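Here's the structure, in structure tokens; my notes come after.
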Amino acid sequence: MKTLIAAYSGVLRGAGSSILSALQDIFSVTWLNRSKVEKQLQVISVLQWVLSFLVLGVACSVILMYTFCTDCWLIAVLYFTWLAFDWNTPKKGGRRSQWVRNWAVWRYFRDYFPIQLVKTHNLLTTRNYIFGYHPHGIMGLGAFCNFSTEATEVSKKFPGIRPYLATLAGNFRMPVLREYLMSGGICPVNRDTIDYLLSKNGSGNAIIIVVGGAAESLSSMPGKNAVTLRNRKGFVKLALRHGADLVPTYSFGENEVYKQVIFEEGSWGRWVQKKFQKYIGFAPCIFHGRGLFSSDTWGLVPYSKPITTVVGEPITVPKLEHPTQKDIDLYHAMYMQALVKLFDNHKTKFGLPETEVLEVN
């Protein structure tokens with residue numbers, strides 16, 4: 001009898017071990033699948049923004065024009081009527097939505113690279129600010145994630161400060177795209193908009209300007225830390241006219257997420273890019289990232305490289321209604337010096353050697 005009981009107990013122990021082992025296998029497979037799903041969600045979240053940036057405006061324009069020729073023409077008429085009524089809203093800071101800025105998709109977007117925002121100094125809510133964002137990269141992905149969404153908690157890190165990312169005014173002439181951009185707090189980078197935000201929108205406004213613009217994007221490539229700044233002084237003049245403090249901001253890793261074909265100066269390719277830049281406002285780049293399902297193929301999805309945006313110490317700027325060229329040059333020199341100092345103080349923290357030098361063009 002004792003022998004039978006011992007044998008039965010052994011069978012139970014063996015069965016229990018097998019069940020436990022099976023459960024462990026199930027949970028490990030589930031975790032593996034969950035990790036894969038999260039990674040794919042991150043890829044999709046990034047791709048939807050890239051496609052929105054590149055084709056949403058044009059696609060919606062074509063669809064609305066086509067709708068005019070169908071039985072649904074009234075929808076197009078109503079939208080274009082609304083568009084005419086709402087045409088100047090972007091110039092007044094747009095129509096931001098905290099709901100859109102807090103979408104979960106932006107957290108997946110952030111975690112894909114990942115992207116982080118580093119605060120070095122407090123900002124007073126009684127002042128207005130112009131952030132100079134460097135470098136442009138291909139699409140300014142760090143600027144978008146940090147200042148047009150709440151994925152990196154910009155509102156918690158800088159309480160009482162309202163960030164407005166400034167981009168090409170032409171984007172706000174595109175149906176539907178303009179609504180999408182405005183919902184994130186994105187506004188046109190033109191004098192009328194900036195004058196309004198710095199003079200008629202109270203205090204605590206921070207306008208983020210990607211100073212290098214299209215010219216800087218043409219030299220964007222992995223391993224290169226260069227900014228187009230030496231002859232860019234318009235943002236300094238605006239800061240002086242409104243007494244808005246200048247804040248240097250550098251995004252480590254912004255140039256690492258895409259590879260592009262760099263055309264040499266004097267080549268036909270660079271000539272075409274400069275003509276586009278001069279007459280349209282942007283320079284077409286031939287670039288690529290990884291594929292949707294594999295990092296070993298080419299596609300529009302950016303490479304998964306860390307982007308760290310460091311917000312520097314604000315430079316106090318006096319309000320001068322008619323700043324002289326001497327005033328502009330003085331604060332521009334102070335800004336360049338502060339940007340280089342910011343780069344040098346943080347470069348080794350984010351994988352760059354001590355010998356790395358920021359190239360200012």
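On a predicted model such as this, the values are computed, not experimentally measured, just so you know. Keep in mind that the numbers below use all heavy atoms, side chains included, and drop hydrogens, waters and symmetry copies.
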**Item:** Backbone of T308 reached by a side-chain donor or acceptor of Q116 within 3.5 Å
**Value:** no

**Request:** Mark yes or no for whether Y258, through its side chain, and L300, through its backbone, hold a donor-acceptor pair below 3.5 Å.
**Result:** yes

**Over all atoms of both residues, closest heavy-atom pair of N201 and R162** = O-NH2, 3.1 Å

**Complete:** Closest non-hydrogen atoms of A338 and P248, given as atom of the first, atom of the second and distance, are CB-CG, 4.0 Å

**Request:** Keeping the roles fixed (side chain from H346, backbone from L342), state whether a donor-acceptor pair exists under 3.5 Å.
**Result:** yes

**Request:** Could you grab the distance from atom CG of L352 to atom OG1 of T348, nearest 0.5 Å is fine?
**Result:** 8.5 Å

**Request:** Could I get the full list of side-chain hydrogen bond (donor to acceptor under 3.5 Å, both in side chains) partners for R290, not counting sequence neighbours?
**Result:** none

**Item:** In one Ile/Leu/Val/Met/Phe/Trp/Tyr side-chain cluster, 4.5 Å: I209, V360
**Value:** yes

**Item:** Worked verdict on Y331 versus M336 for side chain to side chain contact (heavy atoms under 4.5 Å, CB included)
**Value:** CA-CA 9 Å; Y331 282 92; M336 285 200 301; over 6 Å; no

**Prompt:** Side chains of V227 and Y250: closer than 4.5 Å at any heavy-atom pair?
**Reply:** yes

**Prompt:** What class does the angle between the rings of W99 and W103 fall in, given that below 30° is parallel, 30 to 60° is tilted and above 60° is perpendicular?
**Reply:** perpendicular

**Request:** Decide whether Y133 and S251 meet the rule of one side-chain donor and one side-chain acceptor closer than 3.5 Å.
**Result:** yes

**Asked** For the residue pair F263 and W271, is the inter-centroid distance of their aromatic rings smaller than 6.0 Å?
**Response** no

**Asked** Given the side-chain rings of F287 and W298, with only the six-membered ring counted for Trp, is the space between their centroids under 6.0 Å?
**Response** no

**Prompt:** From E356 CD over to K224 NZ, what is the distance, rounded to the nearest 0.5 angstrom?
**Reply:** 11.5 Å

**Asked** When you look at Y66 and W73, which way does the ring pair (Phe, Tyr, Trp, His ring centres under 6.0 Å) test go after all the steps?
**Response** CA-CA 9 Å; Y66 171 75; W73 60 268; over 10 Å; no

**Nearest-0.5 Å distance that lies between atom CG in L83 and atom CG in L64** = 9.0 Å

**Asked** Under 6.0 Å between the ring centres of F80 and F68?
**Response** yes

**Prompt:** If you round to the nearest 0.5 Å, how far is NZ of K36 from CG of L41?
**Reply:** 14.5 Å

**Request:** Kindly confirm or rule out a cation-pi arrangement of K91 over Y196, judged by NZ or CZ under 6.0 Å from the six-membered ring centre and within 45° of its axis?
**Result:** no

**Item:** Non-hydrogen atoms of G137 and N255 that approach each other most closely
**Value:** CA-OD1, 3.4 Å

**Request:** Kindly say whether V236 contributes a backbone atom to a donor-acceptor pair with the side chain of R241 at under 3.5 angstrom?
**Result:** no

**Request:** Run the salt-bridge test on R95 and E179 with the 4.0 Å N-O cut-off and return the result as yes or no.
**Result:** yes

**Item:** Non-neighbouring partners of H242 that pass side-chain hydrogen bond (donor to acceptor under 3.5 Å, both in side chains), sequence neighbours left out
**Value:** D195

**Fill in**
For R232, the salt bridge (charged side-chain N to carboxylate O under 4.0 Å, His left out) test, sequence neighbours excluded, returns none

**Message:** Tell me whether F53 shares a hydrophobic cluster with M182, the cluster being built from Ile, Leu, Val, Met, Phe, Trp, Tyr side chains joined at under 4.5 Å.
**Reply:** yes

**Request:** Taking all heavy atoms of I138 and all of S217, pick out the closest pair and write down the distance.
**Result:** CD1-O, 4.2 Å

**Asked** Is there a donor-acceptor pair under 3.5 Å between the side chain of E313 and the backbone N or O of V247?
**Response** no

**Request:** Check the hydrophobic clustering (I, L, V, M, F, W, Y; side-chain heavy atoms under 4.5 Å; chains of links allowed) and say if F172 and L165 are grouped together.
**Result:** yes

**Over all atoms of both residues, closest heavy-atom pair of Y79 and V176** = OH-N, 2.9 Å

**Message:** Would you say N146 and T152 are linked by a side-chain donor-acceptor pair, where the criterion is simply a distance under 3.5 Å?
**Reply:** yes

**Item:** Stepwise salt bridge (charged side-chain N to carboxylate O under 4.0 Å, His left out) test for E150 and K157
**Value:** CA-CA 10 Å; E150 292 297 330; K157 291 178 179 177; over 6 Å; no

**Prompt:** So, is the end of the K347 side chain (NZ or CZ) under 6.0 Å from the ring centre of F252 and within 45° of the ring's axis?
**Reply:** no

**Request:** Check whether any side-chain N or O of N128 sits under 3.5 Å from a backbone N or O of A244 as a donor-acceptor pair, and report yes or no.
**Result:** no

**Asked** What's the verdict on side chain to side chain contact (heavy atoms under 4.5 Å, CB included) for H134 and V211, showing C-alpha distance, side-chain angles and the deciding distance?
**Response** CA-CA 7 Å; H134 314 268; V211 179; 3.7 Å; yes

**Request:** Tell me whether the guanidinium CZ or amine NZ of R96 lies under 6.0 angstrom from the six-membered ring centre of Y164 and within 45° of its axis.
**Result:** yes

**Asked** Do F147 and I307 share a hydrophobic cluster, counting only Ile, Leu, Val, Met, Phe, Trp and Tyr and linking them when any side-chain heavy atoms are less than 4.5 Å apart?
**Response** yes

**Asked** So, the side chain of S294 versus the backbone of G291: is there a donor-acceptor pair under 3.5 Å, distance only?
**Response** no

**Request:** May I have the step-by-step check of side chain to side chain contact (heavy atoms under 4.5 Å, CB included) for K341 and D344, ending in yes or no?
**Result:** CA-CA 5 Å; K341 181 180 178 181; D344 288 339; 5.8 Å; no

**Asked** Is the closest basic N to carboxylate O distance between K237 and D327 below 4.0 Å?
**Response** no

**Message:** If you apply the rule side chain to side chain contact (heavy atoms under 4.5 Å, CB included), what do you find for F144 with T167, and how did you get there?
**Reply:** CA-CA 10 Å; F144 168 75; T167 187; over 6 Å; no

**Request:** Using modelled atom types only, decide if a donor and an acceptor are shared between the side chain of T120 and the backbone of V311 within a distance under 3.5 Å.
**Result:** yes

**Asked** Looking only at atom types and distance, does a side-chain atom of S148 sit under 3.5 Å from a main-chain N or O of C145, one as donor and one as acceptor?
**Response** no

**Request:** Indicate yes or no: at least one non-hydrogen side-chain atom of V310 is less than 4.5 angstrom from one of F343.
**Result:** no

**Asked** Tell me, do W106 and Y108 make a side-chain contact under 4.5 Å, heavy atoms counted?
**Response** no

**Message:** Can a donor-acceptor pair be found, under 3.5 Å and without considering hydrogens, that links the side chain of S304 to the backbone of Y112?
**Reply:** yes

**Message:** If I take atom SG from residue C285 and atom CE from residue M139, how far apart are they, to the nearest 0.5 angstrom?
**Reply:** 9.0 Å

**Prompt:** Between S220 and Q260, does any side-chain donor sit less than 3.5 Å from a side-chain acceptor?
**Reply:** no

**Prompt:** For the ring pair F235 and Y335, is the centre-to-centre distance below 6.0 Å?
**Reply:** yes

**Request:** Consider only side-chain heavy atoms of I, L, V, M, F, W and Y, link residues closer than 4.5 Å, and tell whether F85 and V77 are in one cluster.
**Result:** yes

**Request:** Look up atom NE2 in H332 and atom CG in L246, then write down how far apart they are to the nearest 0.5 Å.
**Result:** 9.5 Å

**Request:** Over all heavy atoms of both residues, which pair between I161 and L124 is shortest? Give the atoms and the distance, please.
**Result:** CD1-O, 3.8 Å

**Request:** Answer yes if the side chains of N361 and E359 hold a donor-acceptor pair under 3.5 Å, and no otherwise.
**Result:** yes

